[in-house]
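Worksheet for the structure shown next.
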Amino acid sequence: MLLQPFKPAGALPGSNITERSVEMSDNMPGHTSDYALLLTIPTVPTLGSIKLEFCRNSPLYTESCDPSTGLDLSGATLTSQSGDTGFSIDPSTTANTLILTRTPGASTGTASRYILHGVVNSTDTDTQYARYSTYASTDGSGTLLEKGALAYVLNNESSVSTEVPPYLDFCLGTIINSTDCSDISAGYLSLGDFSTTKATSGTLQTVVGTNAANGYMISVDGNSMASGANALPALTVPTASAPGNSQFGINLRANSSPQSGSDPAGAGAGSPTPDYNVPNKFTFRSGDVVASKPTVEDYRKYTITYLVNISRSQPAGIYAGTYTYVALGNF
Amino acid sequence: MKLKVTRLKRLVYGTAALAIGAVATLPALLGQASAAPYNIAPNRSIEMSSSAASSTNTQYNVGFTTGVTTNTIGSVVIDFCSNSPIIGDSCTAPTGFSINKASLAVNGSSTGITGLSVDTTNSTDTVNTTEHLVLTRTAGSITAGTAVTVVLGNTTTNGFTNPSTVGTFYARISTYTATDGSGTNLDAGGVPLATTQSITVTAKVQETLTFCVYQTSCGDSGAVPLGDANGVLSSTATNYTNTSKFDLASNATTGVTVRLKGDVLKSGSNSIPTSGATCTADVTTATTAQFGIRISTAGTGVTGAQTNKYGCNSGFHALDTSTACGSNLEGNVTCTYGEPIATTSGPQLATTPTTMEYMAKAATTTQAGIYTSTFNYIATGKY
């Protein structure tokens, strides 16, 4: 008794379409896709047509073919071909059966590829099948030469989603060592004893960052330093330091007179507003916007320099001021 | 009245005895039977590598034991007959059978009676007429009762051609002092052989492909939220991750390729950029936004170069959106057919899930909004 090995279904003994597959550019049910038909046809003397039949039930040629639901090949176009060439889509092509036709000739036995554009995918999501077959005839009729089937699966997309919230990072301190708000020394600023012969200055720092599409503004509210009813006159326009004259003002720049302050720093690109953006000139108007940027801002550090000068007639006392800085994101 | 007498010859000593008058018909020898009345001890046999009718390059393993007398043996002769194993009877060559003397060779070395080789001169290979095989050697003494084996043919390039008809045929084995198979035989005996019908067993195995993409279990929506418990990238210093999986099984001869089509996370015209085309370390600086994927667990049989490309270590991710789209359906995830991310090299009938890990991180400057990306996993079996 001699047993012969069994052969996989879809294959004629001794002949088979090999290296067969169908690549899809979009495998979601019901979507329109490009199909790359890949197959290697054994060398035959006369190849006139290639049939590709899509079935939802079975790849077996001995079984009937139930058409895949919703699949539509009828509107597809053949955009490229290689290997065994010279094919066009036969008019007998239906929604689930593609017929490629050409003038009959010998096959090359090399890997072939045919790109179809505009195939409407089936809406079935379980495993489905496609059956390749070749013919000497030009319309997929008559004696089948070679065959080979494959299985494929359509599946729904995976959607990855997230939300980016509005960000506004803002902090104020006597010293901010980092370029973000992670290392802040808080407290209050003491300017010490005022002098009639030289300027008194001190600094605070602020950091801002935001994803506000229309940027941000930093404003300051407060009154000039005062001791009871005796207030230091605020500089209402950018004014240079003048020791011996009572003055109160701020700026957000590095200064040499007095030697105090730093220019804006960090990855951001915001800048002080014009009246607070002049080195060695100081201004203070409550409610003023002192720094801004019209678009998103990476972390930006501003150093606020406070300037005080007094005249000989300035009444003695302990002078103080409370200043509130507000960052407003414009989303 | 004369009766035709058919009597088994008595071997050994070169004598022949004839009996006249009595008729004795011995039953045909069947199978690998013990020798009687030939003077070859039991254990003579011929094993065939194939019993299929018309089988070519068939190997025959001939075995027998020499008789009770030590003799000088110079040749072994095997005659193939369809009608009778009895030496002395007429011999009809089996239909379609051939010893293929021109190519037939002793496979390896004979044992017992050593040094045997095919004598092409004295062998006769006339299909359907006479199939007479002579194995020759330098004559030498062989002790009585020596077990002999000689393997003829190698199943690939030389051997016997079995009869084309199904049924029993016979081999008549004789030994001779002469080196050309002539003269009086010393030991002899017949062996039946049989060719049979082939039994063909067929079964249908259809092409299979099972592929399911999911987040928790096959059949769920596959939606993957990234972020904190509310799906928000609430911290610009944190890399948020989440996973999806796919199950893959197929009997595709050359295996399955899984392609990925997708893009970076987008909200209108704003996007969170890719980590990089290759595995790139996740960063925690607030000024950098990143989005990437990796294969955190490769399922059974999922291997290959593309798997390695996205097989980043923990803390590393990639998403190639820049490699040029090639003509062989290669490139990056934004190409028409996407990009291969995982492959199997052959049939894989049961797999453990492959886990895809997604990572996203916003920067301080990443504009607020709902960011999404749609990933299409495409499994293609090559049969």
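Scope of the values below: all heavy atoms of this structure, side chains included, with no hydrogens, waters or symmetry mates. Convention: sequence-line order gives letters A, B, ...; per-chain numbering from 1.
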Check against side-chain contact (heavy atoms from CB on, under 4.5 Å), A/Tyr129 and B/Gln206: CA-CA 10 Å; A/Tyr129 308 94; B/Gln206 66 182 46; 3.2 Å; yes
Point-to-point distance, once rounded to the nearest 0.5 Å, from OG1 of A/Thr162 to OH of B/Tyr371: 10.0 Å
Any residue of residues 356-364 of chain B which, by heavy atoms, sits under 4.5 Å from chain A: B/Tyr358, B/Ala362, B/Ala363, B/Thr364
Which portion of A/Asp26 sits near chain B, non-hydrogen atoms under 4.5 angstrom: both
Exam field: side chain B/Thr380 to backbone A/Glu23, donor-acceptor pair closer than 3.5 Å: no
Neighbour count above 12 (heavy atom, 6.0 Å) for A/Met217 CE: no
Rounded distance (nearest 0.5 Å) linking atom OG1 of B/Thr336 with atom NE2 of A/His117: 9.5 Å
Side chain proximity check, B/Phe211 to A/Asn155, heavy atoms < 4.5 angstrom: yes
Ion pair check, A/Arg131 and B/Glu207, cut-off under 4.0 Å: no
Nearest-0.5 Å distance, OG of residue A/Ser158 to CZ of residue B/Phe375: 9.0 Å
B/Phe291 portion near chain A, given a 4.5 angstrom heavy-atom threshold: side chain
Segment of A/Tyr35 engaging chain B (4.5 angstrom heavy-atom cut-off): backbone
Part of B/Lys261 lying under 4.5 Å from any heavy atom of chain A: side chain
Matching residue for A/Val160 among B/Thr374, B/Ile293, B/Leu265 - test: side-chain contact (heavy atoms from CB on, under 4.5 Å): B/Leu265
Distance-only donor-acceptor check, side chains A/Glu157 and B/Tyr377, under 3.5 Å: no
Which portion of B/Val232 sits near chain A, non-hydrogen atoms under 4.5 angstrom: both
A/Asn211 side chain to B/Thr366 backbone, donor-acceptor under 3.5 Å: yes
Which atoms of B/Ser221 approach chain A - backbone, side chain, both or neither, heavy atom under 4.5 Å: backbone
Inter-residue atom distance A/Asn156.CG - B/Asn376.CG, 0.5 Å rounding: 9.5 Å
Gap separating the OG atom of B/Ser234 from the OH atom of A/Tyr167, nearest 0.5 angstrom: 7.0 Å
Heavy-atom pairs under 4.5 Å with chain A, option from B/Ala223, B/Gly381, B/Gly227, B/Ser373 with the top count: B/Ser373
Closest approach of B/Gln367 to A/Val296 (non-hydrogen atoms, all atoms of both residues): CG-CG1, 3.7 Å
Chain A contacts, top residue of B/Thr210, B/Asn251, B/Thr236 (heavy-atom pairs, under 4.5 Å): B/Thr236
